[in-house]
Amino acid sequence: MKTLKLIIACLFVSAYSFANISSTEKDALLALYNSTNGDKWNVTWDITTDVNTWHGIQVENNEIVEINLQFNNLQGTLPTEIGNLTSLRKMNLGFNKLTGQLPTTLQNLKELKSLELFMNGFEGNIPSELGSLKNLESLKLYSNRLSGTIPESLMELTNLKELLLGSNFLTGTIPNQIYALSKLEKLSLMDNKMEGEIPVELAQLENLQELLLSTNQFTGDLPSEFMSLTNLNTIMVSDNNLNTDFTTFSGNNPPDLIFLELQNQNATATMDLEKE
């Protein structure tokens, strides 16, 4: 009799444990598993067990709050059902083999603070819908095959600290509204096909520490206003079509080094005029 009661109790606990995660969220995880060849992952899921035991999944208050499956051999596409994980605060699927377009349903993840999809094979445009993720602090989409322009809607992500879009096939110019990202610390657009002048509005980003714009088709001059960026410790603008070839600056006082380069540029121009 005691054994029977123990079995019933265990079954009740097991059923209750499974019931803690909503069927909508569990189905979203299963959609991710099925669309990315989950049985071939480096560390796979036993989908017959409790979601709490699944590799890379963090649960709080019966809700999925984190997915961390980087370096796990995910192959396939990101399913639209991913947008049903509305309590998600962090998603890291970096260093995998994901392809296809980024689903617009990502806009439903209003609690998301970090979206890391770097080092994959995503293609197509960056969805403008990502601009609705107002809590986002880190957006890492570098080293994919993304194309098109940077959506102006991303300039509404005023909590962003990291915007890393390098090593894609992005075109167009840097939006002048970039100044709205007042908390930005790291901006990388390097190794794309972007053009136009480097906007002076970047100098309004007082918290900026890293500015990586090398290997594009930017033209014009490097704004002298960058000298006011006292927190800037790394700047890369080489391999563009700027009027002056700047070296990569990294250290404690890059604005001072920029100032020296700009001084040298002005001095050279003055000497050329005197020669004429």
Audit row: K161, K186, side chain to side chain contact (heavy atoms under 4.5 Å, CB included) steps and yes/no: CA-CA 6 Å; K161 296 180 180 179; K186 298 180 180 181; over 6 Å; no

L29 and L85: CA distance, side-chain angles, deciding distance, side chain to side chain contact (heavy atoms under 4.5 Å, CB included) verdict: CA-CA 8 Å; L29 291 180; L85 299 172; 4.0 Å; yes

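- Under the 3.5 Å distance criterion, with hydrogens and angles disregarded, a donor-acceptor pair is assigned to the side chains of Q75 and N73.
- Residue pairs meeting the ring pair (Phe, Tyr, Trp, His ring centres under 6.0 Å) criterion with at least one partner in residues 164-201, sequence neighbours excluded, are absent.
- Judged purely by atom type and a 3.5 angstrom limit, T53 has no side-chain atom pairing as donor or acceptor with the backbone of T49.
- Side-chain polar atoms of K183 and N159 form a donor-acceptor pair below 3.5 angstrom.
- Under the salt bridge (charged side-chain N to carboxylate O under 4.0 Å, His left out) criterion, the residue pairs touching residues 85-103 are E60-R89, with sequence neighbours excluded.
- Identified under the ring pair (Phe, Tyr, Trp, His ring centres under 6.0 Å) test for residues 83-108, with sequence neighbours left out: F71-F95, F95-F118.
- Other residues, nucleotides and ligands place more than 12 heavy atoms under 6.0 Å from the CG atom of D46.
- Judged by distance alone, the side chain of T105 and the main-chain N or O of T80 form a donor-acceptor pair under 3.5 Å.
- The shortest distance between side-chain heavy atoms of L69 and N92 does not fall below 4.5 Å.
- Put simply, the side chain of E185 never gets that close to the backbone of E162: no donor and acceptor are under 3.5 Å apart.
- Both L78 and L112 are part of a single hydrophobic cluster, where members link through side-chain heavy atoms under 4.5 Å apart.
- Not counting sequence neighbours, the partners of Y33 by the ring pair (Phe, Tyr, Trp, His ring centres under 6.0 Å) test are W41, W45.
- With N72 contributing its side chain and Q70 its backbone, the two residues share no donor-acceptor pair below 3.5 Å.
- Atom CG of N120 sits about 10.0 Å away from atom CG of L141, to the nearest 0.5 Å.
- Heavy atoms only, all atoms of each residue included: S214 and N240 are closest at CA-ND2, 3.7 Å.
- Checking side-chain atoms of S153 against main-chain N and O of S128 turns up a donor-acceptor pair under 3.5 Å.
- Side-chain N/O atoms of T158 and E156 include no donor and acceptor closer than 3.5 Å.
- Under a 3.5 Å cut-off, the side chain of N68 and the backbone N or O of G56 do not form any donor-acceptor pair.
- Residues M190 and M236 come closest through the heavy atom pair CE-CE, 4.0 Å.
- Under the side-chain contact (heavy atoms from CB on, under 4.5 Å) test applied with M194, the options L165, T173, I174 reduce to a single match, I174.
- In this model, no donor atom of one side chain and acceptor atom of the other lie less than 3.5 Å apart for N216 and N192.
- Separation of atoms CD1 (I150) and CG (N125) is listed at 12.0 Å; rounding is to 0.5 Å.
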Verdict with reasoning, F218 to L242, per side chain to side chain contact (heavy atoms under 4.5 Å, CB included): CA-CA 6 Å; F218 293 122; L242 298 176; 4.2 Å; yes

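- Sparse packing is recorded around NZ of K193, with 12 or fewer heavy atoms of other residues, nucleotides or ligands lying under 6.0 Å away.
- Both L130 and L136 belong to a single network of hydrophobic side chains, linked directly or stepwise wherever heavy atoms of I, L, V, M, F, W or Y lie under 4.5 Å apart.
- For the pair L93/L98, a side-chain contact is recorded, criterion being any heavy-atom separation below 4.5 Å from C-beta on.
- A donor-acceptor contact under 3.5 angstrom links the side chains of Q177 and E152, judged on distance only.
- The salt bridge (charged side-chain N to carboxylate O under 4.0 Å, His left out) contacts involving residues 36-45 comprise nothing, where partners must be two or more places apart or lie in separate chains.
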Indicate every side-chain donor-acceptor pair of residues 197-211 with a distance under 3.5 Å to a residue at least two apart or in another chain.
residue	atom	partner	partner atom	Å
N207	ND2	S182	O	2.9

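- Between N62 and N20 the shortest heavy-atom distance is CB-O, 3.1 Å.
- To the nearest 0.5 Å, atom CG of residue L146 and atom OG of residue S167 are 11.0 Å apart.
- Without hydrogens or angle criteria, D239 side chain to T215 main chain gives no donor-acceptor distance under 3.5 Å.
- E25 places a side-chain heavy atom less than 4.5 Å from the side chain of S87.
- Side-chain contact check for D27 versus N84: every heavy-atom pair is 4.5 Å or farther apart.
- With values rounded to the nearest 0.5 angstrom, I235 atom CD1 is found 8.0 Å from L229 atom CG.
- I126 and P151 make their closest contact through O-CG, 3.2 Å (heavy atoms, listed as atom of the first residue, atom of the second, distance).
- Annotation for T77 and T36: closest pair O-CG2, 3.5 Å, computed over non-hydrogen atoms.
- Cluster annotation: L115 and L32 are assigned to the same hydrophobic cluster (Ile/Leu/Val/Met/Phe/Trp/Tyr, side-chain heavy-atom contacts under 4.5 Å, transitive).
- Taken from CG in L109 to CD1 in I82, the straight-line distance is 7.0 Å, to the nearest 0.5 Å.
- Judged by distance alone, the side chain of N168 and the main-chain N or O of L170 form no donor-acceptor pair under 3.5 Å.
- Here L189 contributes atom CG and I178 contributes atom CD1; the two are 7.0 Å apart, rounded to the nearest 0.5 Å.
- Shown here for G38 and T44, the closest heavy-atom pair between the two residues is O-OG1, 2.6 Å.
- Panel note: side chain N96, backbone G76; no donor-acceptor pair is recorded below 3.5 Å.
- L164 and L106 are members of different hydrophobic clusters when ILVMFWY side chains are connected at heavy-atom separations under 4.5 Å.
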Audit row: T219, Q217, side chain to side chain donor-acceptor pair (under 3.5 Å) steps and yes/no: CA-CA 6 Å; T219 56; Q217 299 170 20; over 6 Å; no

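- Counting heavy atoms from C-beta on, the side chains of L139 and L160 come closer than 4.5 Å.
- In this structure, a donor-acceptor pair under 3.5 Å is present between the side chains of S132 and K110.
- Hydrophobic clustering of Ile, Leu, Val, Met, Phe, Trp and Tyr side chains at less than 4.5 Å, counting indirect connections, unites I47 with V51.
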Steps toward side chain to side chain contact (heavy atoms under 4.5 Å, CB included) verdict (L187, L212): CA-CA 6 Å; L187 174 62; L212 311 181; over 6 Å; no

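- Using modelled atom types, no side-chain atom of N144 and backbone atom of E123 make a donor-acceptor pair closer than 3.5 Å.
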